[in-house]
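Before any comments, here is the structure.
It should be emphasised that the depicted structure is a prediction, and the values quoted were computed from it without experimental measurement. Chain letters run A, B, ... following the sequence lines, proteins first and then strands; every chain starts at 1.
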Amino acid sequence: MEWMIGARDQGGFENVTMKGDCDLYSAPDFAKAMLSRIAGGAARLRFDLTEVAYLDSTGVGALIRILQEGKRRGCELRFRGIDGSPRKVLKMSNIILLMREEARP
Amino acid sequence: MKRLIVRKLIVDERNELFDAQGMRYVVFPSDFSKIREFTALILADCPEAFQEGNLLEQQLSEIIKNGIKHGNRNDPAKRLRVWYDLRKRARFIVEDEGEGFVLLDEWNDFFRKRQTALFEEDFDAFLALASYRGPGSDETDGGNSLIAALEYWNGGMIFNGARNKVGVVRWFTSGSG
């Protein structure tokens, strides 16, 4: 999976666009990068999962760690574009309940 | 009135889910880098109706990963055996050569606490308990694969007495495919 961090929008959110399979091979690096961003003082992050078609338990675990760190450091988190099997996986593990979702623009 | 119902991992050596008669069989080396490849091989002839996008692939790969990583500890000398049957439903038996899931009871305790926090809508506690972390957990462990698995394998998820073999089945409302 690749990810790209866009410029801050008017609401102060940095957009993180994820693309590809968020799985046991890619999710640990993604988590590391995002945790480091939050630790570095990011105040608002928005994750767009529109182009993520595969999410496994390591990917879910990465999102959990981001949610935990965001809560701990007061970083506001938003999520967009969670559909298909990634949505089902997040529902089965109940994690979707912790994610503040926004409609795609 | 709302009632809390918490599923649990079950150990049952003689469960019918371990009857491998008529099932196809394959053996894999403990190669962590090929977990998704092994999964794709097994599902090469899988009816589309069973795949549910890539949900079946994802759930099967979790079991294969658990066997290779936690069971066999990525030891190349240890093998993973998989029996599978994709007629009428998706059914698998996966056996590793490790010491077994010794913390199964602790996991059930963890899961009860987690689901209780969710039931009580204590979301701070739930977030803290969202992932299971055991002594062998590292960054490639999401700590939630068994949670989703208990939901996904709607026909059962059973461990053998040695806890190194798991039998699972999922039925589909769309029929036999």
Side-chain angles (χ1 to χ4, degrees), chain A residues 1 20-36 38 49-77 79 81-101, chain B residues 6-7 32-40 51-66 68-70 74 111 114-119 121-133 137-154 170:
Chain A
M1 180 184 71
D21 290 359
C22 187
D23 65 5
L24 72 173
Y25 304 119
S26 65
D29 284 343
F30 172 68
K32 211 174 287 175
M34 294 305 119
L35 295 179
S36 147
I38 294 171
L49 284 81
T50 305
E51 294 187 69
V52 175
Y54 184 95
L55 179 73
D56 70 8
S57 70
T58 312
V60 175
L63 293 174
I64 292 171
R65 289 166 67 196
I66 291 166
L67 287 163
Q68 290 170 335
E69 192 65 5
K71 169 97 182 160
R72 200 168 75 82
R73 293 189 182 263
C75 175
E76 229 177 298
L77 303 172
F79 298 87
I82 306 173
D83 287 315
S85 71
R87 183 165 201 90
K88 288 178 187 163
V89 174
L90 287 163
K91 277 176 88 169
M92 289 191 299
S93 53
N94 317 121
I95 301 306
I96 198 86
L97 298 168
L98 297 169
M99 303 172 82
R100 189 156 169 193
E101 293 186 84
Chain B
V6 182
R7 295 180 185 181
F32 187 85
S33 70
K34 291 190 173 165
I35 287 167
R36 291 196 60 188
E37 198 179 305
F38 296 157
T39 306
Q51 293 177 31
E52 299 179 277
N54 52 40
L55 198 57
L56 175 60
E57 179 200 345
Q58 186 265 325
Q59 287 296 316
L60 177 60
S61 78
E62 303 287 359
I63 300 177
I64 291 176
K65 175 193 164 191
N66 282 340
I68 287 178
K69 186 182 175 198
H70 297 294
N74 300 320
F111 187 54
R114 181 192 195 267
Q115 298 311 94
T116 300
L118 182 61
F119 180 76
E121 298 183 7
D122 181 349
F123 290 106
D124 286 345
F126 176 66
L127 178 59
L129 290 165
S131 293
Y132 174 75
R133 308 311 290 172
S137 299
D138 65 21
E139 61 179 11
T140 65
D141 292 306
N144 56 83
S145 68
L146 291 171
I147 295 164
L150 279 174
E151 186 74 25
Y152 178 78
W153 300 109
N154 57 11
R170 178 167 172 88

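Among B:G53, B:A130, B:S61, the residue making the largest number of heavy-atom pairs under 4.5 Å with chain A is B:A130. Considering only heavy-atom pairs separated by less than 4.5 Å from chain A, the leading option among B:E52, B:R36, B:E139 is B:R36. By number of non-hydrogen pairs under 4.5 angstrom with chain B, the leading residue of A:K88, A:K91, A:K71 is A:K71. Of the listed residues (A:G61, A:S57, A:S93), the one with the most heavy-atom contacts under 4.5 Å to chain B is A:S57.
Here the CG atom belonging to A:N94 is positioned 5.0 Å from the CD atom belonging to B:Q115, to the nearest 0.5 angstrom. Of the inter-residue distances, the one linking B:L127 atom CG with A:I95 atom CD1 reads 8.0 Å to the nearest 0.5 angstrom. Taken from NZ in B:K65 to CG in A:L24, the straight-line distance is 5.5 Å, to the nearest 0.5 Å. Atom CD in B:Q58 sits 6.0 Å away from atom CE in A:M92 (nearest 0.5 Å). Going from atom CD of B:Q51 over to atom OG of A:S85 covers 11.5 Å, rounded to the nearest 0.5 Å. A distance of 6.0 Å separates CG of A:L97 from CG of B:L118, quoted to the nearest 0.5 Å.
Of all the heavy atoms in B:F32 and A:Y25, the pair that sits closest is O-OH, 2.6 Å.
Looking at B:A149, neither its backbone nor its side chain comes within 4.5 Å of chain A, counting heavy atoms on both sides. Neither the backbone nor the side chain of A:L63 comes within contact range of chain B; no heavy atom of the residue lies under 4.5 Å from a heavy atom of that chain. With a 4.5 Å cut-off on non-hydrogen atoms, B:L146 does not touch chain A at all. Heavy atoms of B:D124 lying under 4.5 Å from chain A belong exclusively to its side chain.
Put simply, the side chain of B:N54 gets close to the backbone of A:A53: a donor and an acceptor are under 3.5 Å apart. A donor-acceptor pair under 3.5 Å is absent between the side-chain atoms of B:E62 and the main chain of A:D56, judged by distance alone. Checking side-chain atoms of A:T58 against main-chain N and O of B:T140 turns up a donor-acceptor pair under 3.5 Å.
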